[in-house]
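Just so it is clear, the model here is predicted, and its values are computed rather than measured.
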Amino acid sequence: MVRRSFSLLRWARCTLISGRVVLGLGVVLAPCAAPAQAQEQSAVSLTGQNPAPASLDLAGALAMARRVGPLNQLVDARRESALGRTRETSQWLNPNLEWRRENLGSDLLPDIFATLYLPIDVSGRRLALMQAQSAGRSRVNAEAEDARRNAELEVARAWLRAAAAQGAEVVLARQAAALREIAEADAKRVQEGVASEAVGLRTMLEADRARVAHGAAVADAAMARAGLARVLGLPVEQLPPIAPLRAPALPAAPDSLAVRTIALQQRPDVKAREAALREAGRRVAAEQRGVFGEVQLQGGTKETSGVMTGQIGIAMPMPVFHRNGGARQRAQGDLMEARIQRDDLLRAVGGAVGAAWHGYVAVRDAG
């Protein structure tokens, strides 16, 4: 029975390692632009056979997270805030309407002015800001998609931890029961004089150690269930039973160069960095055109001594005290930072995909 218990422990360890390897490859490949149905099919393959309808498998956890999960709701809230920030600097300036009456408190006839001030973009700065807004929307949407995929990966990790902890609890309970039976048998043999007291003491210590390990496994399983309930947005009491963890079937690995190419072309975080670089470039152009401020075209009416006349004019700020140097310097720094972050992410994605591919191949070859 001891050999059976140790074989169960090794089976649980191998199952957990296989699941982590598959999930580890998914960490670097799942962020690629794949439909949700394909992710659910891959999640079902991770769990192996279909569990009982009342149990919660990986596909069910992902579906529940998409519906009511707090991580996806947080992504949506941050996306709305980010889209609003991209609109702030590219909005058209509102026209100003002025009504003014002069010569109050005197014997002179009043002068009445009605003037409309209309900002005009003569430098093209507003056009550059609108182009930056378009790139900003692409960046925000790509970042939201990447955050949503990362949220699903967090749910998958939480489910894997909970399922593995539940399996470890069951295995350690069986081991503790088996070692307790062996310790009782050895205690009888010691009383009968068939075995030495050292043998009885050793088996008793092994049984105590297994009982302590089982208690720790119970606590780990409870913590893992609480973590899974948290990312699903449920109270722990309402969390359904977790489906048992089974070793997945590992298909043949795709070509490493093709996998890396797909990741660099389709991952939303890479798309977000590319869009951020374009956005920073357009903002540099906008700030370079912002040496002169917005020109305002003025037009209206003026009533003087009872005679109604018209008026027209142009107003614009003069670059006397500054030539927008601070904003241009900030925009240049943002552009440099966006380029550095894009290049760093490309290197990180290439390295992570390569490492995950080698690890997957090694585990699959090891059987």
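Listed for the Trp159 side chain is a donor-acceptor partner under 3.5 Å among the backbone atoms of Leu56. Judged purely by atom type and a 3.5 angstrom limit, Asp146 has no side-chain atom pairing as donor or acceptor with the backbone of Ala142. Of the possible donor and acceptor atoms, none in the side chain of Glu279 sits under 3.5 Å from a partner among the backbone N and O of Arg139. Here the side chain of Arg364 pairs a donor or acceptor atom with the backbone of Pro251 at under 3.5 angstrom. Of the possible donor and acceptor atoms, one in the side chain of Thr309 sits under 3.5 Å from a partner among the backbone N and O of Lys302. Checked by atom type and distance alone, the side chain of Ser134 never pairs as donor or acceptor with a backbone atom of Gln131 at under 3.5 Å.
Summarising the local packing, CD of Gln73 is surrounded by more than 12 heavy atoms from other residues, nucleotides or ligands at distances under 6.0 Å. Heavy-atom neighbours of Arg78 CZ from other residues, nucleotides or ligands within 6.0 Å: at or below the threshold of 12. Annotation for Met130: atom CE does not count as buried by contact number, only 12 or fewer foreign heavy atoms lying within 6.0 Å. Heavy-atom contacts from other residues, nucleotides or ligands closer than 6.0 Å to CZ of Arg328 number more than 12. Remark: Ile314 CD1 is loosely packed, at most 12 non-hydrogen atoms of other residues, nucleotides or ligands lying under 6.0 Å away.
With respect to the salt-bridge test (charged N to carboxylate O, under 4.0 angstrom), the residues Arg79 and Asp76 do not qualify. One finds no salt bridge joining Glu152 and Arg149 here, because no Lys/Arg side-chain nitrogen approaches an Asp/Glu carboxylate oxygen to under 4.0 Å. Taking 4.0 Å as the cut-off between side-chain N and carboxylate O, Arg278 and Glu274 do not count as a salt-bridged pair. Between Arg161 and Glu154 there is a salt bridge, with a side-chain nitrogen of the basic residue lying less than 4.0 Å from a carboxylate oxygen of the acidic one. A salt bridge does not link Glu192 to Arg189: none of the charged nitrogens lies less than 4.0 Å from a carboxylate oxygen. Note on Asp334 versus Arg330: salt bridge recorded, some NZ/NE/NH1/NH2 to OD/OE distance being below 4.0 Å.
Between the CG atom of Leu346 and the CZ atom of Arg273 there is a distance of 10.0 Å, given to the nearest 0.5 Å. In this structure, the separation between CG on Leu153 and CG on Leu71 is 11.0 Å, given to the nearest 0.5 Å. A distance of 5.5 Å separates CG of Leu297 from CD1 of Ile312, quoted to the nearest 0.5 Å. Between the CD1 atom of Ile242 and the CZ atom of Arg225 there is a distance of 5.0 Å, given to the nearest 0.5 Å. Here the CZ-CG distance, from Arg347 to Asp343, works out to 6.0 Å after rounding to the nearest 0.5 Å. Atoms OG1 and CH2, from Thr301 and Trp99 in turn, are 10.5 Å apart once rounded to the nearest 0.5 Å.
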(message) Between Thr261 and Gln265, is the side chain to side chain contact (heavy atoms under 4.5 Å, CB included) condition met? List the steps.
(response) CA-CA 6 Å; Thr261 302; Gln265 291 179 352; 3.5 Å; yes
* side chain to side chain contact (heavy atoms under 4.5 Å, CB included) between Glu184 and Lys188, intermediate numbers included -> CA-CA 6 Å; Glu184 293 174 355; Lys188 293 181 180 179; 5.5 Å; no
**Report entry** side chain to side chain contact (heavy atoms under 4.5 Å, CB included) evaluation trace for Leu232 with Val155
**Finding:** CA-CA 7 Å; Leu232 293 180; Val155 172; 4.0 Å; yes
(Q) Applying side chain to side chain contact (heavy atoms under 4.5 Å, CB included) to Arg87 and Gln133, what does each step give before you reach the verdict? (A) CA-CA 6 Å; Arg87 295 177 53 189; Gln133 178 190 354; 3.5 Å; yes
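Summarising the geometry of Val259 relative to Pro254, their closest heavy-atom pair is CG2-CG, 3.2 Å, with the distance given to 0.1 Å. Between Arg209 and Glu206, the shortest heavy-atom distance links the atoms NH1-OE2, 3.0 Å. Smallest separation of non-hydrogen atoms from Trp357 and Ala253: NE1-CB, 3.7 Å. Closest non-hydrogen pair, Pro70 versus Val231, comes out as CD-O, 3.3 Å. Considering every non-hydrogen atom in both Leu172 and Ala213, the closest pair reads CD1-O, 3.7 Å. Closest of all the heavy-atom pairs between Ala338 and Ala276 is CB-O, 4.0 Å.
Between Leu345 and Arg342, every side-chain heavy-atom pair lies at or beyond the 4.5 Å cut-off. Between Asn150 and Asp269 the shortest side-chain heavy-atom distance does not fall below 4.5 Å. Taking the side chain as every heavy atom from C-beta outward, Glu287 and Gln332 never approach each other to under 4.5 Å. Proximity of Gln288 to Val284: side-chain heavy atoms (C-beta onward) are separated by under 4.5 Å at one or more points. Using a 4.5 Å cut-off on side-chain heavy atoms (C-beta onward), Leu129 and Arg283 make contact. Inter-residue side-chain proximity for Leu116 and Pro95 is flagged as met; some heavy-atom pair is nearer than 4.5 Å. Using a 4.5 Å heavy-atom cutoff, the side chains of Leu245 and Leu160 are in contact. Arg260 is listed as a side-chain neighbour of Leu264, based on a closest heavy-atom distance under 4.5 Å.
A continuous path of Ile, Leu, Val, Met, Phe, Trp and Tyr side chains, each step under 4.5 Å between heavy atoms, connects Ile120 with Val291, placing both in one hydrophobic cluster. Linking Ile, Leu, Val, Met, Phe, Trp and Tyr residues whenever their side-chain heavy atoms come within less than 4.5 Å leaves Leu228 and Val170 in two separate clusters. The cluster map of Ile, Leu, Val, Met, Phe, Trp and Tyr, joined by side-chain heavy atoms under 4.5 Å apart, puts Leu277 and Val270 in different clusters. Under the 4.5 Å side-chain contact rule for hydrophobic residues, Tyr117 and Met316 do not share a cluster. Leu58 and Leu234 fall within a single hydrophobic cluster, where Ile, Leu, Val, Met, Phe, Trp and Tyr side chains are chained together by heavy-atom contacts under 4.5 Å.
Annotation: side chain to side chain donor-acceptor pair (under 3.5 Å) contacts involving residues 289-300, sequence neighbours excluded, comprise Arg126-Glu294.
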